[in-house]
Amino acid sequence: MKRETILVIGANGQIGTALLPRLQAQYGLNSVVGADLRRAPSEQGIFELLDATKADELAELVSRYGVTQIYHLAAVLSAKGETDPLGAWNLNMQTLLNVLEVARVQQIRKVFIPSSIAAFGEHAPKFETPQTASLDPATVYGISKVAAENWSLYYHKRYGLDVRSLRYPGIISYQSMPGGGTTDYAVAIFHAAVQGQPFECFLAPDTLLPMMYMDDALRATLELMEASENRISVRTSYNLAGMSFAPAELTASIQAYFPEFTVQYKPDFRQAIADSWPRTIDDSVARHDWGWKPEFDLPRMTQEMITQLSTVYHTLIPTH
Ligand code: NAD
């Protein structure tokens with residue numbers, strides 16, 4: 001088997017921070033190159049500073065390491081994107097096109113480019129949103145994801161590039177803080193609860209959204225990337241589901257451990273973004289094509305987050 005060298009762009013973000021150790025464990029510490037605009041407080045393995053909007057910097061890095069696979073995680077996310085729509089568009093599109101081009105020119109074997117539930121908008125069914133629902137997103141972030149899905153399909157059809165993608169729901173993890181999305185409350189709420197602080201939630205209590213625990217998101221990513229090519233029927237991006245819950249349900253789940261924990265609901269501009277997204281996702285195509293099956297539901301995710309963050313903050317894990 002050919003030796004793989006994997007480049008992770010945006011390696012110090014929420015997903016990259018958790019994905020890097022998994023890839024290092026699987027492929028070896030010296031076979032994974034993490035790259036980001038900024039350095040992380042602690043780094044293990046190979047790291048390179050990179051601005052992926054600069055095509056020549058990216059091409060030089062890919063060629064220097066003999067990269068065979070790219071995970072392109074650099075992006076401006078939904079809520080942050082709305083504070084500077086043109087800046088978000090420029091960054092998301094320029095980095096995307098640079099990755100697709102370097103992959104084409106340097107004949108990269110496989111590329112992973114995540115999409116999001118933010119690709120859906122007003123005209124997609126809100127419940128069990130199907131794989132092929134219409135894509136008319138309300139945010140510039142969503143528009144950039146729809147464009148990225150179509151560019152990926154184009155590079156696959158026109159150049160035979162093996163590009164694969166998942167429409168991630170909101171991802172919940174303890175390893176790092178999220179980077180400016182509309183589902184970030186579902187991570188921040190655990191940090192408050194475990195530290196014994198009250199929490200102010202920027203979404204209304206009944207805002208049902210698709211979510212996923214990081215372990216499931218990483219497993220889905222690696223299973224998709226390892227699936228044989230003939231099992232991949234979707235070259236835009238696969239719907240992917242873990243669980244769906246509203247802030248009030250998450251609060252109740254946390255209060256089973258911390259009965260004193262309180263949440264105040266103060267919806268802001270992110271409420272309108274959340275309202276434009278699906279409530280639940282139909283991921284039957286991913287299940288059929290490459291055997292996707294989530295493992296974490298709300299109670300299991302809550303227990304895992306509280307256990308992990310209790311270690312981070314050195315608090316006692318309350319008995320359930
Ligand atoms: P994040 O914001 O936490 O991390 C993105 C990283 O990219 C940051 O470390 C940032 O420094 C880096 N970056 C930004 N511009 C760069 C550039 N020009 N060159 C190099 N690095 C740059 O994002 P994330 O949550 O890890 O998301 C990763 C991918 O997954 C994104 O495409 C995002 O849209 C998608 N996604 C994430 C979620 C989620 O809940 N986290 C949900 C759906 C989709």
Side-chain angles (χ1 to χ4, degrees), residues 7-20 33-41 43 47-58 61-62 70-81 84 87-99 102 111-120 137 139-149 151-152 164-188 209-214 216-218 220-221 224 237-243 270 273-274 277-278 281 301:
L7 173 63
V8 180
I9 303 171
N12 293 337
Q14 189 196 2
I15 296 175
T17 302
L19 177 65
L20 223 63
V33 181
D36 202 295
L37 268 184
R38 57 192 171 97
R39 302 203 83 95
E43 277 153 16
F47 178 80
E48 293 278 348
L49 280 173
L50 168 75
D51 179 354
T53 62
K54 308 232 165 79
D56 49 348
E57 273 186 33
L58 176 61
L61 194 65
V62 168
I70 298 178
Y71 288 70
H72 173 42
L73 305 178
V76 177
L77 272 61
S78 58
K80 201 168 162 204
D84 176 14
W89 173 258
N90 286 337
L91 189 134
N92 291 358
M93 296 317 294
Q94 197 55 61
T95 57
L96 167 83
L97 294 174
N98 288 347
V99 167
V102 81
V111 182
F112 178 72
I113 298 178
S115 186
S116 160
I117 54 163
F120 296 111
T139 59
V140 72
Y141 172 70
I143 300 172
S144 75
K145 289 300 183 192
V146 175
E149 290 188 11
W151 273 111
S152 299
R164 305 180 181 198
S165 177
L166 298 169
R167 288 177 182 144
Y168 287 137
I171 294 174
I172 297 156
S173 66
Y174 64 87
Q175 290 92 337
S176 66
M177 294 303 278
T182 303
T183 53
D184 289 9
Y185 89 85
V187 175
L209 285 172
M211 301 278 188
M212 180 171 279
Y213 188 55
M214 182 63 89
D216 270 346
L218 297 181
T221 306
L224 172 72
S237 188
Y238 278 99
N239 275 11
L240 187 73
M243 60 189 105
R270 288 169 278 195
I273 301 177
W277 287 357
I281 297 286
M301 182 272 288

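We count ligands from 1, going down the list as the structure has it; atoms in each ligand are counted the same way. Position 1 is the first residue of the sequence; numbering continues from there.
- Looking only at distances, no side-chain donor or acceptor of Asp216 sits under 3.5 Å from a matching main-chain atom of Tyr213.
- Of the heavy atoms in Val76, none comes closer than 4.0 Å to ligand 1.
- Comparing heavy-atom distances from atom 31 (C) of ligand 1 across Leu96, Thr182, Leu58, Leu73 singles out Leu73 as nearest.
- Listed by atom number, the atoms of ligand 1 under 4.0 Å from Ala52 heavy atoms are 17 (C), 18 (N), 19 (N), 20 (C).
- The ligand atoms of ligand 1 that sit less than 4.0 angstrom from a heavy atom of Ser116 are 43 (C), 44 (C).
- Residues forming a salt bridge (Lys or Arg N to Asp or Glu O under 4.0 Å) with Asp84 (at least two apart in sequence, or on another chain): none.
- Put simply, part of Gly170 is less than 4.0 Å from ligand 1, judged by heavy atoms.
- Under a 4.0 angstrom heavy-atom cut-off, Ala11 registers as lying outside contact with ligand 1.
- Between the Asn92 side chain and the Ser144 main chain, no donor and acceptor come within less than 3.5 Å of each other.
- Taking 4.0 Å as the cut-off, Pro169 counts as a neighbour of ligand 1 on heavy-atom distance.
- Residue contacts with ligand 1 include Lys145, since one of its heavy atoms falls under 4.0 Å from the ligand.
- Atom CD1 in Ile15 sits 9.5 Å away from atom OG in Ser176 (nearest 0.5 Å).
- The protein heavy-atom contact nearest to atom 11 (O) of ligand 1 is Asp36 OD1, 2.6 Å.
- Of the candidates Val8, Ile113, Val99, Val33, Ile70 forms a side chain to side chain contact (heavy atoms under 4.5 Å, CB included) with just one, namely Val99.
- Of all the heavy atoms of Leu91, the ones lying under 4.0 Å from any atom of ligand 1 belong exclusively to the side chain.
- With Asn90, Thr53, Ile15 as candidates, the residue nearest to atom 24 (P) of ligand 1 on a non-hydrogen basis is Ile15.
- Which of Ala74, Ser165, Gly13 comes nearest to atom 22 (C) of ligand 1 through a heavy atom is settled by distance: it is Ala74.
- Looking at Ala35 against ligand 1, nothing comes within 4.0 Å, counting heavy atoms.
- Ser78 places a side-chain N or O within 3.5 Å of a backbone atom of Thr182 that can act as its donor or acceptor partner.
- Near Asn12, the atoms of ligand 1 lying under 4.0 angstrom from a non-hydrogen atom of the residue are 9 (O).
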